[in-house]
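Residue indices begin at 1 and follow the sequence shown.
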Amino acid sequence: MAASEPTGPDAGALFPLAPPAQGQGAGWAKLAAAVEAQVPPGEVETIYVFRPIKREGKELGTAVVTRKASDGRLRIYTAKYMLIVRGKERGQSKIEVAEVALSPAEVLARVMQATVDRGGDTEPPVELGPSAWYEGGGHSG
């Protein structure tokens, strides 16, 4: 006796798709392109990505991007995206990139930890190298 065939959007899929790696996916690719417009990829020191939040058909992601300043301190940028993942407007996004500080690296480390502590998030941001978003000096996504 033959088993009934599955129906619906996952019909035929044996395993659900694995989520993309931290800092990867459609929203992050759009954000990386926006950051690239302000910070040449070759000057990016570190990218800190926070776990994206998904709610009400939207995905919200935040990253902190650092770039060496001429005096050895770090120029710090916040980069945020909002990507619509469900509904008629699916794929539309809003991106914001702003330079927010000039800081010694050790101060940035304390601020990143304090952000996690205040926000109640159990996961600290993931620290990525520039190659996570950029390869060969250009945007890879």
Side-chain angles (χ1 to χ4, degrees), residues 1-70 72-141:
M1 181 174 235
S4 63
E5 293 293 319
T7 59
D10 293 329
L14 295 177
F15 302 101
L17 295 175
Q22 274 288 44
Q24 301 295 307
W28 293 114
K30 290 176 185 241
L31 193 62
V35 168
E36 184 175 16
Q38 290 189 36
V39 182
E43 295 182 18
V44 171
E45 285 287 311
T46 306
I47 303 165
Y48 298 91
V49 295
F50 290 83
R51 186 171 38 91
I53 298 167
K54 294 183 180 186
R55 67 172 172 242
E56 299 175 7
K58 297 175 184 165
E59 180 178 291
L60 307 155
T62 301
V64 173
V65 178
T66 66
R67 170 189 198 182
K68 277 244 193 257
S70 59
R73 294 184 290 176
L74 296 174
R75 292 172 67 182
I76 302 167
Y77 299 78
T78 57
K80 301 176 184 180
Y81 74 86
M82 183 279 302
L83 176 66
I84 298 174
V85 294
R86 290 196 317 242
K88 293 187 297 184
E89 297 175 340
R90 182 178 180 192
Q92 292 185 21
S93 61
K94 182 178 178 182
I95 307 289
E96 181 183 318
V97 178
E99 185 171 353
V100 295
L102 184 61
S103 171
E106 56 276 2
V107 172
L108 175 63
R110 289 195 306 265
V111 169
M112 295 300 282
Q113 185 57 51
T115 301
V116 173
D117 295 343
R118 274 195 321 266
D121 197 344
T122 58
E123 294 180 37
V126 174
E127 186 176 334
L128 304 173
S131 62
W133 282 0
Y134 310 107
E135 293 177 9
H139 176 58
S140 64

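Heavy-atom minimum distance, P130 versus P41: CB-O, 4.2 Å. Looking at every heavy atom in both residues, E59 comes nearest to P52 through CG-CB, 4.0 Å. The minimum heavy-atom distance between S93 and L83, with the atom names listed, is CB-CD1, 4.0 Å. Between I47 and A63, the shortest heavy-atom contact is CG2-CB, 4.3 Å.
Here the NZ atom belonging to K54 is positioned 11.0 Å from the CG atom belonging to L60, to the nearest 0.5 angstrom. Atoms NZ and CZ, from K68 and R73 in turn, are 12.0 Å apart once rounded to the nearest 0.5 Å. A distance of 8.0 Å separates CG of L74 from CG of L102, quoted to the nearest 0.5 Å. Rounded to the nearest 0.5 Å, atoms CD1 (I95) and NZ (K80) are 12.5 Å apart. In this structure, the separation between CD on E43 and CZ on R67 is 4.0 Å, given to the nearest 0.5 Å. Atom NZ of K30 sits about 10.0 Å away from atom CE of M82, to the nearest 0.5 Å.
Under the 3.5 Å distance criterion, the side-chain polar atoms of T46 are left unmatched by any main-chain donor or acceptor of T66. A donor-acceptor pair is defined here as one N or O able to donate and one able to accept, closer than 3.5 Å; such a pair exists between the side chain of Q38 and the backbone of V97. At distances below 3.5 Å, not a single donor-acceptor pair connects side-chain atoms of E45 with backbone N or O atoms of R75.
Ring geometry for W133 against W28 counts as tilted: the plane angle lies between 30° and 60°, on a 0 to 90° scale.
No option in F50, Y48, Y81 other than F50 meets the side-chain contact (heavy atoms from CB on, under 4.5 Å) test with T62.
Counted within 6.0 Å of CD on E56, heavy atoms from surrounding residues, nucleotides or ligands total 12 or fewer; the atom is thus considered open.
When side chains are defined from C-beta on, P125 counts as touching M112, because their heavy atoms get closer than 4.5 Å. Residues V35 and Y134 are in side-chain contact: their nearest non-hydrogen atoms beyond the backbone lie under 4.5 Å apart.
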